[in-house]
Amino acid sequence: MKKEELKELLKDMSLKEKIGQMLQLMGVFFLEDADSVLTGPWQSLGIEEEDIRTAGSILGTYGADTLMKIQKAYMEKQPHHIPMLFMMDVIHGMKTIFPAPLGLGAAFDPELAERCAAVAAKEASVSGLHVVFSPMADLVRDARWGRVMESTGEDPYLNGRYAQAQVKGFQGEDMGQPYKVCSCIKHFAAYGGAEAGRDYNTVELSEHTLRDFYLPAYKAGIDAKAGMVMTSFNTVNGIPASTNRWLMRDILREEMGFDGVLISDFSAIMETIAHGYSADEKDAAKKALEAGVDIDMMTGVYAGNLCKLVEEGEVEEAQIDECVLRILELKNRLGLFENPYKDADPKKEKTVVLCEEHRRLAREAAAKSFVLLKNEGILPLDATKKIAFIGPYTNNKEIISSWAVTGNVSDCVTMEEAAREVLDTVHTTYHAGSPMLENEYELIGFGGILAHDVSEAEQQKMLAEAVAAAKEADIVIMPLGEHYQQSGEASSRAMIDVPEVQMRLLREVAKVNENIVVVLFSGRPLDIRELSRTAKAVLEVWFPGTEGGHAIMDVLTGKVNPSGKLSMSFPYCVGQIPVHYDAYSTGRPDLEGKKEKFRSKYQDIPNEPLYPFGYGLSYTTYEISPVSLSSEVLTDEGLVEASVKIKNTGKAAGTEVVQLYIQDITASVVRPVKELKGFQKVELAPGEEKSVTFVIEEPMLRFLRADGTVGSEEGKFHLWIGCDSMTENMAELQYSCKRK
């Protein structure tokens, strides 16, 4: 349809019909057994049967057959036969599940993320979906917050590169093309800044911090033409995001230029009442509409109040028209007016979903996401040795994270299954060793409390078998870590450690065998001080996805040399949190090598994290030359090339992530001690040397200045090129601005 035709359609719609387009409900409302499932609840939401008939979109349901039936039945009853939008949380894969986003960020490979998003889009589209709630561009600095697993990490630049790549992967150049879907950037804004790491909690940031650190990644996704943005649950400047006119209209739409659909998060508009900002549902509806929120997800706030507000003159119908036109335009961009089913195809769904090509990419992505945190020469594995796998993740298929809601754990390859394909069965044994969690640990999943009771007698038997196996083995591989439901939404943890029952297993095994390799599963950085001291090697594998078992064995055996780098710092302990590499200095920094009392430091722990952002080892070693600059002075119209030579000094081929950091030494506001400004992945054969060059230009030096404008300032800059954020390989650069 042309825009003029959409406007004519809008003119012909009744007010009630328009408001229906602004309502999103769960797909279960439209299933044949909805009456038995939803008797009562839909009425308590203030939803009437007419609202259900005219609701413009649904979430949480997928499958080509199901959604085609829903679309057909809906359009037959819809007054203007307007097609419905189908949306879903496709966070890191549809059915083929890729590494959790925090792990995918550790690959330092946006192009890989784009390929993964394209596969997710293809599987989602043939399954009938039109919109995916991804990527999550929230900056994260507090590992207590469970949703760090959905972010690509603590760095604005890295997050922005990934947001841009994923939007492109989902949408392509035209989301109406086959196998493409609309991408939804979330959660706008600053959801990752929850105080104390407690989900849904208050966010209290200065505007400077918001703009300089939290907003850039969203902006990158919007610049990539994401068709949708989702509001966040939290407050910004004391006002809930979903009713925050300044945030949504002034920043998102005016400053960032977003012209797509703005959707609330699940019940977020109604929750502004509990925040103490909206007096009642009617007030919440008015404020959210004024903020420009187009779709109310899963409440009756819009459906039950917007008609009255127009009739009473509290809001103008033109405000509703503005929202509905954006929704119609999105449906038009997806081509739904010409083909309401788009790519939904039950036959293709069976052949495309989880096909071998997609599994190969999942295996590649997982292996590239793993971070080797420690290795005392024990890896890669010597397959001639006697090896015992001991740990609750040895043969556990639950390796796809709590937000892989469309994935199926039965499709996952476990470590044991993969190991049996490549290791001698005579010299290899497999043992759980312990339960995943202590019996007293209450774990609440999507379906309620998850039972995990294992009797004391059974635990003792498991432990005894594990210790006996460890005694006989040359090497012990211990797959340990969080339960997948210990991270994700509503999964904040004050103590971010490996469950005690697993640590007890580690200690007992260590008494009889010191050659321990820990394979660590988690959705967040953990406190692993004891684990790191005990093991000879630690491989962080996150929640690796469908092909996790194969990918882990590829890395353990040396078929793949690990190249991942931490996208979020691992704290020394929880007392450091929030900890991130790009902090500000203070007037009293802790000076290395000096023991002074009146400095910014702890008495009992170091200031530095256990493993910093950008850190990760390899099975080979690298040398990086001092930084060479093409000029020591940068002008506003020129550029400087910063170069190093990197050499593989080991015996194995490998890939290193060479990272560029910059510091503005003196400015009108305090600047971070380091900021990532570029990275390159370099493949090197043993003994091979390559030159790596970064181009430094004035836009890379811009920031939010003291006068509220964005720009650069003259002065000296430090520039580092190395293998992690702690690199000391530095050069000095002078920036001279000719503009006055």
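Here the structure is a predicted model, which means the values were calculated and not measured.
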Check your understanding: Between Gln576 and Pro606, is there a donor-acceptor pair closer than 3.5 Å when you use the side chain of the first and the backbone of the second?
Key -> yes

Side chain to side chain donor-acceptor pair (under 3.5 Å) pairs touching residues 678-691, sequence neighbours excluded, are none

The side chain to side chain contact (heavy atoms under 4.5 Å, CB included) partners of Ala667 (sequence neighbours excluded) come to Asp664, Arg671, Phe703, Glu713

Quick note, salt bridge (charged side-chain N to carboxylate O under 4.0 Å, His left out) partners involving residues 199-210, not counting sequence neighbours, are Glu207-Arg211

Kindly indicate, with the supporting measurements, whether the criterion side-chain contact (heavy atoms from CB on, under 4.5 Å) is fulfilled by Gln659 and Ile721. CA-CA 6 Å; Gln659 303 160 42; Ile721 299 178; over 6 Å; no

- Compute whether any side-chain donor of one residue and acceptor of the other, for Tyr661 and Gln663, lie under 3.5 angstrom apart. no

Discussion item. Is it the case that the side chain of Lys647 and the backbone of Glu623 share a donor-acceptor pair, with hydrogens and angles ignored and the cut-off at 3.5 Å?
Written reply: no

May I ask you to decide if Val657's main-chain N or O and Lys565's side chain share a donor-acceptor pair within less than 3.5 Å? no

Residues pairing under side chain to side chain donor-acceptor pair (under 3.5 Å) where one sits in residues 217-230, two or more places apart or in two chains, turn out to be Asp138-Tyr218, Lys219-Asp223

Check ion pair Glu150-Arg147 (N to O, under 4.0 angstrom)
yes

OG of Ser487 to CE of Met149, rounded to nearest 0.5 Å, is 5.5 Å

Output for pair (Ser563 OG, Leu372 CG), nearest 0.5 Å, gives 10.5 Å

Exercise. side-chain contact (heavy atoms from CB on, under 4.5 Å) between His187 and Asp265: does it pass, once the steps are laid out?
Worked result: CA-CA 8 Å; His187 307 81; Asp265 206 336; 3.2 Å; yes

message: Tell me whether Asn607 at atom CG has more than 12 heavy atoms from other residues, nucleotides or ligands lying less than 6.0 Å away.
response: yes

For the pair Lys677 (side chain) and Phe694 (backbone), establish whether a donor and an acceptor sit closer than 3.5 Å, ignoring hydrogens and angles. no

Worksheet item: Heavy-atom distance under 4.5 Å between the side chains of Tyr735 and Lys716, does that happen here?
Response: no

Test item: Tyr572 and Asp527 side chains (from C-beta on) under 4.5 Å apart, heavy atoms: no

Any side-chain donor near an acceptor of the partner, Glu656 and Ser618, under 3.5 Å
no

On a heavy-atom basis, the closest approach of Glu732 and Leu629 is O-CD1, 3.5 Å

Closest heavy-atom pair, Ala118 versus Lys180, reported as atoms and distance to 0.1 Å, is CB-NZ, 4.0 Å

Discussion item. Testing the 3.5 Å rule here: is there a donor-acceptor pair between the side chains of Thr152 and Ser567?
Written reply: no

- Query: Among side-chain atoms of Thr727 and Asn729, is any donor-acceptor pair under 3.5 angstrom?
  - Reply: no

Heavy-atom closest pair (Gly614 atom, Phe108 atom, distance to 0.1 Å) is CA-CZ, 4.3 Å

Note: Ser631 and Val640 closest approach over all heavy atoms is O-CG1, 3.3 Å

**Message:** Do Arg524 and Phe570 form a cation-pi contact, if we require the NZ or CZ to be under 6.0 Å from the six-membered ring centre and within 45 degrees of the ring's axis?
**Reply:** no

Here the salt bridge (charged side-chain N to carboxylate O under 4.0 Å, His left out) pairs for residues 573-595, sequence neighbours left out, are Arg141-Asp582

Subject >> Atom CD of Glu376: over 12 foreign heavy atoms under 6.0 Å >> reply: yes

Worksheet entry | ring pair (Phe, Tyr, Trp, His ring centres under 6.0 Å) between Trp145 and Tyr191, intermediate numbers included | CA-CA 10 Å; Trp145 191 50; Tyr191 186 35; 4.9 Å; yes

Does the Tyr162 side chain pair with the main chain of Leu104, one donor and one acceptor, at a distance under 3.5 Å? yes

Would the distance check show the side chain of Arg161 and the main-chain N or O of Pro110 forming a donor-acceptor pair, the cut-off being under 3.5 Å?
no

* To do: Please report the C-alpha distance between Val682 and Val692 in whole Å, then the side-chain angles of each, then the deciding distance to 0.1 Å, and finally whether the side-chain contact (heavy atoms from CB on, under 4.5 Å) criterion is met.
  => CA-CA 8 Å; Val682 185; Val692 178; 3.6 Å; yes

Are side-chain N/O atoms of Glu608 and Tyr581 paired as donor and acceptor at under 3.5 Å? no

**Asked** Quick one: do Asp294 and Arg253 make a salt bridge, cutoff under 4.0 Å?
**Response** yes

Using only atom types and a distance under 3.5 Å, with no angle test, would you say the side chain of Tyr615 pairs donor to acceptor with the backbone of Leu373?
yes

Taking atom types as modelled and ignoring hydrogens, do the side chains of Ser242 and Thr231 form a donor-acceptor contact shorter than 3.5 angstrom? yes

Looking only at heavy atoms, the pair that brings Leu379 and Ala537 closest together is CD1-CB, 3.8 Å

- Task: Determine whether the side chains of Ser712 and Glu698 contain a donor N or O and an acceptor N or O closer than 3.5 Å.
- Result: yes

One should read off an interatomic distance between Asp174 CG and Arg333 CZ, to the nearest 0.5 angstrom, of 8.0 Å

*Charged N to carboxylate O below 4.0 Å: is that the case for Glu596 and Arg599?*
yes

Taking every heavy atom of Ser532 against every heavy atom of Lys374, the minimum-distance pair comes out as O-NZ, 2.6 Å

Which of Val541, Leu539, Ile528 passes side-chain contact (heavy atoms from CB on, under 4.5 Å) with Leu520? Answer is Ile528

- Between the main-chain N or O of Pro240 and the side-chain N or O of Thr243, is there a donor-acceptor pair closer than 3.5 Å? yes

OG of Ser569 to CG of Asp155, rounded to nearest 0.5 Å, is 10.0 Å

With side chain to side chain donor-acceptor pair (under 3.5 Å) as the criterion, how do Thr621 and Thr649 come out once you've worked through the C-alpha distance, each side chain's angles and the decisive distance to 0.1 Å? CA-CA 5 Å; Thr621 53; Thr649 56; 2.6 Å; yes

Within a strict 4.5 Å, meaning less than it, do heavy atoms of the Ile662 and Trp720 side chains meet?
no

Next item on the list: Could you go through the side chain to side chain donor-acceptor pair (under 3.5 Å) check for Ser232 and Asn234 one step at a time?
Entry: CA-CA 6 Å; Ser232 55; Asn234 54 278; 2.9 Å; yes

Val670 meets the side chain to side chain contact (heavy atoms under 4.5 Å, CB included) criterion, sequence neighbours left out, with Tyr584

- Query: Quick check: does any side chain N or O of Ser183 sit under 3.5 Å from a backbone N or O of Phe170, one acting as donor and the other as acceptor?
  - Reply: no

* To do: Take Ile665 and Phe717 through the test side-chain contact (heavy atoms from CB on, under 4.5 Å) and record every step on the way to the result.
  => CA-CA 6 Å; Ile665 300 171; Phe717 290 78; 5.6 Å; no

Under a 3.5 Å distance rule, please check whether His92 uses its side chain to pair with a backbone N or O of Phe98 as donor and acceptor. yes

Counting heavy atoms not belonging to Glu173, are there more than 12 under 6.0 Å from its CD?
no

Check this for me: does any side-chain nitrogen of one of Glu111 and Lys168 sit under 4.0 Å from a carboxylate oxygen of the other?
no

Practice prompt. Would you indicate whether Arg249, at its atom CZ, is surrounded by more than 12 heavy atoms from other residues, nucleotides or ligands within a distance under 6.0 Å?
Written response: yes

